[in-house]
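Presented below is the structure to which this report refers.
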Amino acid sequence: MAPGDIVHLDEATVAGFLDGELPADERERVAGHLEKCDECRAELREVNALAQSIPAIGDRRGRSRGIGRLTLVGGALAASIAGVVVVRQVTNQPLPQIATRMRAVPEGEGRIEVVSPLSRNVRRSQLVFSWHSSSVDSYRFTLLDASGRMLFTSPTADTTIVWPRDVQQTLGGVYFWRVEGIAGGVISSTSARPLQIVP
Amino acid sequence: MSLSTPDVLVRLMTAPDGRGRESAWAAFLEQYSGLILHVARSRSRDHDAVMSAYEFVVDQLRCDDHARLRRYVADGHGKFTTWLLVVVRRLCVDHHRQRYGRLQAADGDRHMERRLLTDLVGDVVGLELLADPDSPDDMVLRDERSALLSRALERLTPSDRLILRLRFDDGLSVPEIARLLKAPSPFVMYRRLDHTLATLRRVLEAYGVRSAS
């Protein structure tokens, strides 16, 4: 079969096949196509691997939380207290001092690296905050307005968070965000990163 | 709408006005951004490329009043997350092709490399197919055996041929095939593969071919 002759499987059929929800005759028809079509078979293998790795993310979250409860109670408590203290300090300080008030860990274990957004100007559709760390167990994400007032703060075991639903976005508005992490009872933090929402 | 349609998608599809749609869309992103980023990250390690793919996927899911998502509501099989994984992966492929172009040479090579099932399972069922025949007689013998094996393969179900392809062309382990095809256990798949190969040998014997084994 020449590549140009192939009509590939549609999305619903691939999903139905992977979930075992196709009727028997339809499943056989799809199996016949898959046997001949390398591209659809590659897609099937890849999506299956992705589907299996998604529960693993959930498991990791569970483990991280468990570890936090069992071994980092003191650290977590300290972190939560420190978080409140830092936020209160931030809210009472002029903006230029926000970064210097953060307890940033520039190098070494526990360092949190920002993945996105890296630039100051961020489109509405890109309002996803993402970061990376090799050893941090749990995080606290905080969003501040231009005056340093806390708009949102939440603990998370994930390394991605979308713009909080309850916080209204103002086009042209300036905000600051940061992530704190707990690794081995030590708190680390990114600097407070500015962002401006652009169309 | 199907029972498997998640609440957040139902909200998005049934929102009475723009404000409701915005709110439902924000809730949708909150729930599924992790999945979208997971797929984007699986295809690239470059942070900028991942975020660019994420933005592309979100734009595509949103455009034309979420037309793509409405397709799941209209004719979706399977779980929504499985369907969304397929859609997001395809959008990431589209994004990559828009950005870097289609890898025509590689696709062509892959097509050229595609092997016949007869070549893949000939050895497995003990049928010497003489890959490099060095005499006219050997060439005739090879073609005869290949034709017989091809006829034997056609008597298998498409599912059985797919299992052979996954095992002997794609190189998946039997447990991996079992997971992919939702077999109850790897042992069921081992038995099925053994049964399929035994069937092939019997059919070949019925054609008068005695296997080397």
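Letters A, B, ... are given to chains in the order of the sequence lines, protein chains preceding strands, and every chain is numbered from 1.
Heavy-atom pairs under 4.5 Å with chain A were tallied for B:R89, B:R179, B:M51; the largest tally goes to B:R89. For the set B:L35, B:L181, B:V39, the count of heavy-atom pairs under 4.5 angstrom toward chain A peaks at B:L181. Taking chain B as the reference chain and counting heavy-atom pairs below 4.5 Å, the highest number among A:V162, A:V30, A:D19 is found for A:D19. Of the listed residues (A:P117, A:G32, A:S116), the one with the most heavy-atom contacts under 4.5 Å to chain B is A:S116.
Residue A:I161: no heavy atom, backbone or side chain, is found under 4.5 Å from chain B. In this structure, the portions of A:L44 lying under 4.5 Å from any heavy atom of chain B include both its backbone and its side chain. B:E55 touches chain A through its side chain: at least one heavy atom from C-beta onward sits under 4.5 Å away, while N, CA, C and O do not. Heavy atoms closer than 4.5 Å to chain A are found in the side chain of B:D59, but not in its backbone.
Using a cutoff of 4.0 Å between basic side-chain nitrogens and carboxylate oxygens, A:E21 and B:K79 are not scored as salt-bridged. Between B:E176 and A:R45 there is no salt bridge, since no side-chain nitrogen of the basic residue lies less than 4.0 Å from a carboxylate oxygen of the acidic one. Under 4.0 Å is where a charged nitrogen must lie from a carboxylate oxygen, and between B:D169 and A:R41 at least one such pair does.
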Task: Residues A:L18, B:L180; criterion side chain to side chain contact (heavy atoms under 4.5 Å, CB included); working and verdict - done: CA-CA 7 Å; A:L18 276 169; B:L180 186 67; 4.1 Å; yes

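Within 6.0 Å of the CG atom in B:D64, the count of heavy atoms belonging to other residues, nucleotides or ligands does not exceed 12. Within a 6.0 Å sphere centred on CG of B:D7, heavy atoms belonging to other residues, nucleotides or ligands number 12 at most.
The closest side-chain heavy-atom distance from A:V128 to B:I36 is not below 4.5 Å. Two residues are said to be in side-chain contact when any heavy atoms from C-beta on lie closer than 4.5 Å; B:R165 and A:K36 fail this criterion. Contact annotation: the side chain of B:R41 approaches that of A:T160 to within less than 4.5 Å [non-hydrogen atoms, C-beta and beyond]. For the pair B:P158/A:R29, no side-chain contact is recorded, criterion being any heavy-atom separation below 4.5 Å from C-beta on. By the 4.5 Å heavy-atom criterion applied to side chains, B:R161 and A:L34 are not counted as neighbours.
Closest non-hydrogen pair, A:N48 versus B:K182, comes out as OD1-NZ, 3.8 Å.
Distance CG/B:D170 to CG/A:D38: 7.0 Å, rounded to 0.5 Å. The line from CZ of A:F17 to OG1 of B:T82 is 13.0 Å long, rounded to the nearest 0.5 Å. If you take CZ on B:R90 and CD on A:E11, they are separated by 5.0 Å, rounding to the nearest 0.5 Å. For the atom pair A:R165 CZ and B:Q31 CD, the distance stands at 8.5 Å (nearest 0.5 Å).
The backbone N or O of B:S159 lies less than 3.5 Å from a partner atom in the side chain of A:E28, making a donor-acceptor pair.
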